[in-house]
Protein chains: 2
Amino acid sequence: MSIACDTCVVRNRAICSVLDTDELVALNRIGRTRTISAGQTLMWEGEDSALVANVLDGVLKLSTGTEDGREQIVGIVYPADFIGRPFGARAQQTVTALTEARVCVFARGDFDAFAREHPALEHKLLQRTLTELDRARHWMLLLGRKSAMEKMASFLLEMSERLVQNGCTPDAGPLDRFALPFGRQQIADILGLTIETVSRLLTKLKNDGVIDLPSRREVTILQRDILRHRAG
Amino acid sequence: MSIACDTCVVRNRAICSVLDTDELVALNRIGRTRTISAGQTLMWEGEDSALVANVLDGVLKLSTGTEDGREQIVGIVYPADFIGRPFGARAQQTVTALTEARVCVFARGDFDAFAREHPALEHKLLQRTLTELDRARHWMLLLGRKSAMEKMASFLLEMSERLVQNGCTPDAGPLDRFALPFGRQQIADILGLTIETVSRLLTKLKNDGVIDLPSRREVTILQRDILRHRAG
DNA sequence: CGCAACTTTTGATCCAGCGCAAAGCGGCCA
DNA sequence: TGGCCGCTTTGCGCTGGATCAAAAGTTGCG
């Protein structure tokens, strides 16, 4: 039998990688792929959690906000990552596409039932969730204790490491040149700063010769060691 | 057969609650209880993750720090909570007892093997981890976007809600009076503030009649609605 | 090409929270 | 009972980053 998963680009990296062909056929039956355009929101904070999904392509953000409109981005989601809140009634974050994105979506109830019958899938999901938890807690140190410059330097270093994995070249080192899927305001929302501070810091790093900014969204790291030093 | 778990105070709340008697006997064989005195550290950030544990009694903190000694508390652990990093080689946070504590510890390898053979246990652990991830991400909003007063008010409200669950009275509402298991410096490390700011904020809330501070570690919430308002 | 809408940069000023220093308080032990 | 030690509070000046305002790019579209 031929199914969509056969040609899936994240087949070997997403949580589905632990499933055999029969299981994949079954999972495929309850899911469907969906395209989301940049800026569109897939689920809203506080809404009841109706969907979960695997990301096939593109970059999305997870965010929470205060009543008066302040926003904090709490996670960035790349291809092969899992989104949504299985086994829970309420989505705790808003999920929004930053670039055009393709996701493989499931009704939460269907996915929950499927997962409970496939321990290997739950195991994989557990591992991912544990890793995400470590990442989130590590980011809390940045938000709570680092200066604006330390935040910015840490951010650029993390981006240069995480954006590489999505390419096809396996285990290449961190990229020295990359395109951010964010505008300045979004960088501010990730780091807990204002857009003006973000702009000033990037300009300073450029003037100091630590990075270059070939265009609005591109960054070249010229002196990684100095950047690392400024990350604290 | 009689085992320690028979009399365990968190038997029905910890992840073990999904195990039947035989399974519990097997799990009991690979674990042992251990007492930790206040201030003692159970595992260190960056060290290889040798242990996991269930908390039986007491309160512990999870923390990370920068090279130059700044610290951020990234989680508070109460009875029935799980600590440690299963399925991963490295502990990402330091775990330290805030009060005298009793934990039920397992060698990580033993626990991993046991968990893989008991999907229901992994499922329970997955649910817990998902909840913790939501909590951590929610805390990121506080760290990145809230003012000092909003942080303090949010903290007091959260404490009044979380400290209640550990008592024996089921589903009592939030407490109006409670003892914090933290000193001022630790509150600062939770909120990403300095000890002086924490002290000033508490004094202000007291002078404004929103709370009372019967002793160093005790708090009484006098006007919960106003406190809620100040939490933003 | 040229105009309108949006994003980013730059400049100027302000203030919340930090850092330092000293005083106050409470608990513990002899 | 008193004295010591560690924790907390308070005072004061400073500064990193926010806020407000305006100029300079960018992008899209007729």
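Protein chains get the first letters and strands the later ones, always in sequence-line order, with residue 1 at the start of each. All of these numbers come straight from a predicted model, not from anything done at the bench.
Between A:Arg137 and B:Glu45, no side-chain nitrogen of the basic residue sits less than 4.0 Å from a carboxylate oxygen of the acidic one, so the salt-bridge criterion is not met.
If you check every strand for non-hydrogen atoms under 4.0 Å, B:Ser147 touches sugar and phosphate atoms only. Within the nucleic acid shown, B:Leu202 has no heavy atom closer than 4.0 Å to any nucleic acid atom.
When the nearest nucleotides of DNA chain D are assigned to A:Thr197 and A:Arg216 by heavy-atom distance, the more 5′-ward of the two goes with A:Thr197. DNA chain C is contacted by both A:Arg145 and A:Gly183; A:Gly183 maps to the nucleotide lying nearer its 5′ end (nearest heavy atom per residue).
Listed candidates were D:dG11, C:dT10, D:dT9. Nearest to the side chain of B:Ser199 is D:dT9.
Atom CD in B:Gln185 sits about 13 Å away from atom C1' in C:dC18, given to the nearest Å. Computed from coordinates, the B:Met149 CE to C:dG17 C1' distance equals 13 Å when rounded to whole Å. Between the CG atom of B:Leu201 and the P atom of D:dT9 there is a distance of 11 Å, rounded to whole Å. Remark: C1' of D:dC20 and CD1 of A:Ile195 are 14 Å apart, rounded to the nearest angstrom. Rounded to whole Å, the distance from CZ on A:Arg184 to C1' on D:dT27 is 15 Å. In this entry the distance linking CG of A:Leu205 with C1' of C:dT9 reads 15 Å, nearest Å. The CG atom of A:Leu180 sits 16 Å away from the P atom of C:dT7 (whole-angstrom rounding). Here D:dA24 presents its P atom at 20 Å from CG of A:Leu213, a figure rounded to the nearest Å.
Within 3.5 Å, a donor on the side chain of A:Arg200 pairs with an acceptor on the base of C:dG11, or the reverse. Put simply, the side chain of B:Glu196 and the base of C:dC20 share a donor and an acceptor less than 3.5 Å apart.
For A:Phe106 and A:Phe82, the gap between ring centers reaches or exceeds 6.0 Å.
The closest donor-acceptor contact from the side chain of B:Arg70 to the backbone of A:Arg145 lies under 3.5 Å. Between the side chain of B:Ser49 and the backbone N or O of B:Arg85, at least one donor-acceptor pair lies under 3.5 Å. Looking only at distances, a side-chain donor or acceptor of B:Ser17 sits under 3.5 Å from a matching main-chain atom of B:Ala14.
Listed pair B:Thr194 / C:dC18 meets the phosphate criterion, a side-chain N or O lying under 4.0 Å from OP1 or OP2.
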